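The sequence lines fix the lettering, A, B, ..., with proteins before strands; numbering per chain opens at 1. Please read these numbers as outputs of a predicted model, since none were measured by experiment.
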Number of protein chains: 2
Amino acid sequence: MLFFIQAGACMTDGILTIADRIHNKLDDMTRAERQLAHSILENYPASGLGPLAALAKVANVSVPTVARMVQKLGFKGYPDFQAELREELKATVQNPIAKHDTWAEGAPSGHVLNQFTDAVIDNIRHTLAQIDPDKFDEACEMVADQSKPLYIVGGRVSHTLAEYLFLHTQILRPNVTHIQSTSNAWPHYLLDVGPGDVFVIFDVRRYENNTLKLAEMAHARGAKIILFTDQWRSPVHQLAEISFSGRIVVPSAWDSVATLMLLVESMIAAVQNVDWDDTKDRMEQLEDMFDQTKLFRKFT
Amino acid sequence: MLFFIQAGACMTDGILTIADRIHNKLDDMTRAERQLAHSILENYPASGLGPLAALAKVANVSVPTVARMVQKLGFKGYPDFQAELREELKATVQNPIAKHDTWAEGAPSGHVLNQFTDAVIDNIRHTLAQIDPDKFDEACEMVADQSKPLYIVGGRVSHTLAEYLFLHTQILRPNVTHIQSTSNAWPHYLLDVGPGDVFVIFDVRRYENNTLKLAEMAHARGAKIILFTDQWRSPVHQLAEISFSGRIVVPSAWDSVATLMLLVESMIAAVQNVDWDDTKDRMEQLEDMFDQTKLFRKFT
DNA sequence: TTCGGCCTGTTACAAATATAACAGAATTCT
DNA sequence: AGAATTCTGTTATATTTGTAACAGGCCGAA
């Protein structure tokens, strides 16, 4: 009997998919089996993930035919077959670039760099998939709205993100304040807060009590809150108008804020576009001032 | 509590996917349910297609919790839930174009989020490809070496990265100093610098004169420099023992530090592994101190 | 602090699902 | 053409799997 390997039909890691294995054995099969095989491949892998009886029915074969064929394919039983099918699906759904590709060439795939990068890319994928673009746009407009004061709040670790956003929004618009919830001085800032003021709050685990209290007080005064948090969500999210939760798990004792950094930078980019003429004007002024202070070298 | 339907999160035929439905109800859920929900979304839809008990196990919840939640989502039972999941999968596989080319599903591919994410992922790939893992390891060891003082230096924008690295290395080892080159006080710090001291310097465009001067003086005193810079390389790189250059171009008026953030986080992860016992010890001490100050909520 | 309600997990049962054994139909070889 | 072999479907059984009822535990209110 003829036996050929489908070129390109195998997975990157060299293990044949179930579809491949079925294809390869197709010629060896009997009528009923072939009928069944085609039915499986028809809408692969969904049909194989249902109950055995259902599959037998759509293929118009008897129940034991399915069971027998699955065993002929080398599985212990139908559940075993399904389990591998699910594994396959899991691998497929995951970003094809992220996996199966070593990032830093020459580094063993177990190297921290690779592991970390894989995790971060994965985080980005999951995070972005869950974000509602409309809500994102809305948040950007709130941040861009110069008629309302803008407050940016960060905690111990997330302070870094807050400061980064502050640094840039400060250039884009007036009336921006950076508050560190770790500082005792934060209540002072709340004195002037009124209805409609906009708060951008960063809070990732471990969630900070100070940040929550600050959020509560701001909320009580009628301020609107935009929250950047992690997948488990800071308690602040109950007070927030809009919240974005990023995945932050990485192979490390700590979490990763790289994903949130990406969101923040995207937001900066979006905000600068809301009123580009104004932005441009302010940036040019800043350039002039830098030139005068001679703080920076000319860009070569 | 605020409740919004994700616009654009629906499938082409206008029916919400199960993932969407879960996402929408996320706020209404209890602890165990949320835990389960995340587990389902983690590798969707594969995990939901297995037996109920398996899903419960990976999510670390009890079997009935799964059954109950599925009913709360509006399904007659778990098999019903699985059936719809399979239908969804079938539909997904049939139009393979739509997926994976837009990150935030439902957002037009020209949306800032997508453009930005594409750019960042691209940056990560290019950056990682150029990094020599051996040099990276070497740098990590230098940072981990407790026998030598460690100085971390950042400029106006890169200060954010410097501070983030500082925040974590401070936990990992003693004798770490954070210097802001934008501050006038930096020359004071150099008084104590001697041969073999380690400097981690961040400098991205526009390169700062202060940072360069600081690097020159440190170098003159025999310090070793590790540099994080961008693809065009800060002039500091001529003085640096090891330098890492990240791609930072994004569709924005500014550059993106997300790639460099990833490198920094990888470095932190690597450093903590150099002497894990010591790291663990210091972290536990820190935890104790946090507990005493009651600054943070217990993680739920 | 104590009470009530709600969430969560353990146990027990019912239903479904998969496998094994058997018997009839189709096919092939002599 | 007839017998042997292989394939296929029906029935029966064992196992898995999902669901319902119950009870402990946690949190918030009084």
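- Classification of the A/Phe136-A/Phe244 ring pair by plane angle, with boundaries at 30° and 60°, yields perpendicular.
- In this structure, A/Glu88 contributes its side chain and A/Ile18 its backbone to a donor-acceptor pair below 3.5 Å.
- Side-chain atoms of A/Ile131 and A/Leu263, non-hydrogen and from C-beta on, do get closer than 4.5 Å to each other.
- Inter-axis angle, ends of the helix from C/dT1-D/dA30 to C/dT30-D/dA1, five pairs per end, rounded to 10 degrees: 30°.
- When every heavy atom of B/Ala258 is checked against every heavy atom of A/Met261, the shortest pair comes out as CA-CG, 4.0 Å.
- Distance check: A/Thr229 OG1 to A/Asp203 CG gives 6.0 Å after rounding to the nearest 0.5 Å.
- A/Asp80 places its CG atom 18 Å from the P atom of D/dT15, with the value rounded to the nearest Å.
- Using a 4.0 Å cutoff on non-hydrogen atoms, the parts of residues 47-57 of chain A near DNA chain C are A/Pro51, A/Leu52, A/Ala53, ordered by number.
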Pairs under 3.5 angstrom only: tabulate donor-acceptor contacts from the side chains of residues 69-80 of chain A to other protein residues two or more places apart or in another chain.
| from | atom 1 | to | atom 2 | distance (Å) |
| --- | --- | --- | --- | --- |
| A/Lys72 | NZ | A/Glu33 | OE2 | 2.8 |
| A/Tyr78 | OH | A/Gly48 | O | 3.2 |
| A/Tyr78 | OH | A/Gly50 | O | 2.9 |
| A/Asp80 | OD2 | A/Lys76 | N | 3.1 |

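- Here the shortest heavy-atom pairing between B/Leu167 and A/Val157 reads CD2-CA, 3.7 Å.
- Using a 4.0 Å cut-off between a side-chain N of Lys or Arg and a carboxylate O of Asp or Glu, B/Lys90 and B/Glu87 qualify as a salt bridge.
- Heavy-atom distances under 4.0 Å link DNA chain D to A/Ser62, A/Pro64, A/Thr65, A/Arg68 of residues 62-78 of chain A, given in residue order.
- Atom-to-atom, CG of B/Asn60 to P of C/dT10 comes out at 11 Å; the value is rounded to the nearest Å.
- Counting heavy atoms from C-beta outward, A/Gln130 and A/Arg247 have side chains that stay 4.5 Å or more apart.
- A distance-only check finds no donor-acceptor pair linking the side chain of A/His23 to the backbone of A/Ala19 [under 3.5 Å].
- Separation of the B/His38 and A/His126 ring centroids does not fall under the 6.0 Å cut-off.
- The distance from the CG atom of A/Leu49 to the CG atom of B/Leu49 is 5.0 Å, given to the nearest 0.5 Å.
- Within residues 30-40 of chain A, the residues approached by DNA chain D to less than 4.0 Å at the level of any non-hydrogen atom are A/Thr30, A/Arg31, A/Ala32, in residue-number order.
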Which atom pairs, donor and acceptor, lie under 3.5 Å between side-chain atoms of residues 56-68 of chain A and protein residues at least two apart or in another chain?
| from | atom 1 | to | atom 2 | distance (Å) |
| --- | --- | --- | --- | --- |
| A/Ser62 | OG | A/Thr65 | OG1 | 2.9 |

